[in-house]
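Keep in mind that the numbers below use all heavy atoms, side chains included, and drop hydrogens, waters and symmetry copies. Remember, it's 1-based here, ligands and their atoms both numbered in the order they're listed.
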Amino acid sequence: MRKAARDNEQAQTIRAAVLRHRGGPLSIETIEMEGPQDDEVLVRIAASGICHTDISYVNEWYDASEGPLILGHEGAGIVERAGKNVKGFRRGDHVVLSYQSCGACGACRSGRPADCRDLYELNFGFRRPGGGNAYLRSGVKGHFFGQSSFATHTLATVRNLVKVKKDLPLELLAPLGCGLQTGAGTVMNSLAVKAGKSIAVFGTGSVGLAAIMAARIVGAAPIVGIDILPKRLKLARELGATHTIDSRREDVATRIRDITGSGVDYSVEGTGNDEMFRLSMELLNPGGTAALLTGASGPGRLPGGRKALSIIQGDAVPQLFIPQLISFYRKGLFPLDRLVKFYDFKQINKAIADSMRGSTIKPVLRISSSLP
Ligand code: CXF
Ligand code: ZN
């Protein structure tokens with residue numbers, strides 16, 4: 001049978017949250033998705049985190065000329081079927097889905113998939129890794145980050161799948177695939193923060209809190225969390241921040257100098273706010289390093305003798321790093337359950353609104369279990 005005919009034969013009806021208008025709302029629709037090609041894995045999505053990248057896509061980046069899209073890139077689920085060239089995954093495996101990479105370029109072959117030559121095309125190209133669109137018959141595009149996890153089912157590849165043990169709930173593990181990996185990976189991999197070094201974390205949403213939990217694991221001190229929401233700052237203290245600063249009420253520079261006696265050895269900037277961006281570099285000690293998670297645009301300037309890193313996914317190899325984070329969670333060192341709030345799939349627009357307001361740190365959609 002010809003490949004296209006076979007894909008169509010295995011096609012199935014799925015439900016997905018579809019974006020048709022900038023600003024939303026997303027509408028849950030029944031659409032058709034082709035079956036897995038030889039190197040693809042069909043995953044039934046149990047749950048998906050909502051990341052700020054999804055929200056930015058809805059509110060700012062989406063251009064209706066792209067056509068309707070399925071977003072979502074913090075999926076977790078159960079393997080339903082694996083294509084015939086797929087090794088290491090079979091029906092029933094529990095998986096966390098992460099970002100996509102090519103596996104063939106120099107960076108991927110050197111174990112640095114976050115620097116993949118085709119990173120943007122594979123994660124934002126809305127195409128299968130080998131080209132094509134499994135949702136074509138419904139006139140919708142997906143394959144966002146190699147997953148489009150705001151759906152009951154998706155097609156992934158071994159490059160963006162992480163097999164996990166079955167004893168932990170998938171809905172808890174879902175946010176590891178992007179936000180939590182990015183925060184923790186920035187501290188542990190990109191910055192490789194050493195015990196006893198000082199660190200300031202600007203923004204205590206899910207990425208910043210993961211950075212704080214990781215900073216505590218590696219023994220950094222002091223660990224300073226900066227945010228505008230007192231509730232988040234309280235959680236930051238509970239999860240490892242030795243000090244917190246409410247940047248709406250306090251002068252950040254003065255407080256950091258008081259706390260450290262100088263500046264900080266490391267900073268993690270996750271707010272995207274111009275002022276915080278500038279301070280994350282200005283308040284570095286000589287030899288210090290700033291990790292800029294929201295892109296290096298903006299009016300910031302880097303004082304001489306400092307390094308700035310623009311970081312993607314915490315330089316993590318998902319298959320190595322996510323199991324490491326799970327083992328920290330098991331030991332009580334990375335209590336990600338403190339960050340998540342669960343929503344039924346049909347509450348997706350409320351979950352997005354709560355995340356934008358900051359009242360929820362990491363929304364996670366219960367997908368399969370909440371649909372009739
Ligand atoms: C990242 C992922 C990889 C490319 C740049 C943006 N954001 C994830 O949410
Ligand atoms: Zn993300």
For a quick check: using heavy atoms under 4.0 Å, what are the residues in contact with ligand 1, sorted by chain and number?
Cys51, Thr53, His73, Leu119, Tyr120, Phe124, Phe145, Cys178, Ile312, Gln313
Does Arg15 reach the main-chain N or O of Glu29 with its side chain, forming a donor-acceptor pair under 3.5 Å?
no
Not counting sequence neighbours, which residues clear ring pair (Phe, Tyr, Trp, His ring centres under 6.0 Å) with Phe345? List them please.
none
If you group Ile, Leu, Val, Met, Phe, Trp and Tyr by side-chain heavy-atom gaps below 4.5 Å, do Val164 and Val317 land in one group?
no
Decide yes or no on side chain to side chain contact (heavy atoms under 4.5 Å, CB included) for Val162 and Leu173, but give the supporting numbers first.
CA-CA 11 Å; Val162 182; Leu173 304 183; over 6 Å; no
Has Cys178 got an N, O or S atom lying less than 2.8 Å from the Zn ion (ligand 2)?
yes
Distance-only, no hydrogens or angles: does the Arg22 side chain make a donor-acceptor pair with backbone N or O of Tyr62 under 3.5 Å?
yes
Treat each ILVMFWY residue as a node, draw an edge where side-chain heavy atoms are under 4.5 Å apart, and state whether Leu209 and Leu333 are in one component.
yes
